[in-house]
Asker: 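There's a structure below that I have some questions on.
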Amino acid sequence: SDVYKRQEVDIIVLNSKKGVAGFFEVKWRNMDLRDAKRTLLELERKIENIKIKREKEYLGIIAKRISDKDRLKEEGLLVFDLDDFETTLH
């Protein structure tokens, strides 16, 4: 249903002892800065209705490629693309 789709979050990471939650959207495509920011705004709206007790939350995006991802990281967002995984797994 449409209601379920609006609230679907691809990945939720929770540390209940510290009261910290991370919410991620995963997109298997190349994204520019505008696409990434739009996706993150949608994610913000989705998590408003998620009833997980948390004192601090992080938003993030994982995509095939993200241009200007360093700019998003500077804003405190968690941003990963294939380059990050290739570097880590090599």
Side-chain angles (χ1 to χ4, degrees):
S1 80
D2 190 42
V3 172
Y4 174 76
K5 184 140 180 81
R6 279 196 307 259
Q7 294 184 16
E8 177 186 314
V9 175
D10 293 326
I11 298 173
I12 299 174
V13 180
L14 179 63
N15 182 331
S16 55
K17 288 183 181 179
K18 293 186 177 183
V20 178
F23 299 92
F24 292 86
E25 284 295 308
V26 179
K27 303 293 181 187
W28 189 246
R29 66 175 192 261
N30 297 328
M31 302 184 84
D32 61 19
L33 185 62
R34 192 176 75 176
D35 289 334
K37 284 193 172 209
R38 184 179 318 118
T39 299
L40 290 161
L41 281 173
E42 290 171 8
L43 178 60
E44 270 187 301
R45 283 193 285 271
K46 287 180 184 181
I47 67 172
E48 288 175 359
N49 296 318
I50 295 178
K51 306 294 184 216
I52 293 176
K53 186 178 177 186
R54 58 197 183 266
E55 294 176 29
K56 188 168 187 171
E57 64 188 25
Y58 294 93
L59 300 179
I61 188 167
I62 301 168
K64 190 173 183 182
R65 296 273 183 259
I66 304 172
S67 59
D68 292 325
K69 69 180 173 182
D70 290 335
R71 207 160 133 196
L72 293 166
K73 288 179 180 181
E74 288 171 3
E75 295 177 21
L77 300 163
L78 302 175
V79 183
F80 304 96
D81 64 15
L82 285 184
D83 289 338
D84 298 310
F85 292 102
E86 289 171 3
T87 302
T88 303
L89 298 175
H90 237 135

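Fair warning: this is a prediction, and the values are worked out from it, not measured in the lab.
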Asker: For F80 and I66, work out which heavy atoms get closest and say how close.
Answerer: O-CD1, 3.6 Å
Asker: Can you tell me how far the CG atom of L78 sits from the NZ atom of K69, to the nearest 0.5 Å?
Answerer: 12.5 Å
Asker: Same cluster for L41 and I61 if Ile/Leu/Val/Met/Phe/Trp/Tyr side chains link at under 4.5 Å?
Answerer: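 Per the 4.5 Å side-chain linkage, L41 and I61 are not co-clustered.
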Asker: Applying side chain to side chain contact (heavy atoms under 4.5 Å, CB included), name anything that partners E86, two or more places apart in sequence or on another chain.
Answerer: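 Applying side chain to side chain contact (heavy atoms under 4.5 Å, CB included) to E86 gives R65, L82, D83.
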Asker: Does K64 have any salt bridge (charged side-chain N to carboxylate O under 4.0 Å, His left out) partners at least two apart in sequence or in another chain, and if so, which?
Answerer: none
Asker: Can you list the residues that meet the salt bridge (charged side-chain N to carboxylate O under 4.0 Å, His left out) rule with E75, with sequence neighbours excluded?
Answerer: K37
Asker: Taking all non-hydrogen atoms of both residues into account, name the closest pair between E25 and V9 and its distance.
Answerer: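 Nearest pair, atom of E25 first, then V9: OE2-CA, 3.6 Å.
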Asker: With sequence neighbours left out, write down each residue that passes salt bridge (charged side-chain N to carboxylate O under 4.0 Å, His left out) with E57, or none if nothing qualifies.
Answerer: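 With neighbours one apart ignored, the set is R54.
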Asker: Give the table of side-chain donor-acceptor pairs shorter than 3.5 Å for residues 28-36, with sequence neighbours excluded, one pair per line with atom names and distance.
Answerer:
from: D32; atom 1: OD1; to: R34; atom 2: N; distance (Å): 3.2
from: D32; atom 1: OD1; to: D35; atom 2: N; distance (Å): 2.8
from: D35; atom 1: OD1; to: R38; atom 2: NH1; distance (Å): 3.3

Asker: Kindly indicate, with the supporting measurements, whether the criterion side chain to side chain contact (heavy atoms under 4.5 Å, CB included) is fulfilled by Y58 and V13.
Answerer: CA-CA 9 Å; Y58 294 93; V13 180; over 6 Å; no
Asker: Could you tell me the separation between the OG1 atom of T39 and the NZ atom of K27, rounded to the nearest 0.5 Å?
Answerer: 5.5 Å
Asker: Calculate, to the nearest 0.5 Å, the distance between atoms NZ and CG belonging to K73 and D68 respectively.
Answerer: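 Rounded to the nearest 0.5 Å, the NZ-CG separation comes out at 12.0 Å.
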Asker: Give every residue pair that meets the salt bridge (Lys or Arg N to Asp or Glu O under 4.0 Å) criterion with at least one member in residues 9-20, sequence neighbours excluded.
Answerer: none
Asker: Working to the nearest 0.5 angstrom, can you tell me the gap between R45 CZ and E42 CD?
Answerer: 6.0 Å
Asker: If I compare all heavy atoms of I52 with all of F23, which pair ends up nearest, and what's the gap?
Answerer: CD1-CE2, 4.4 Å
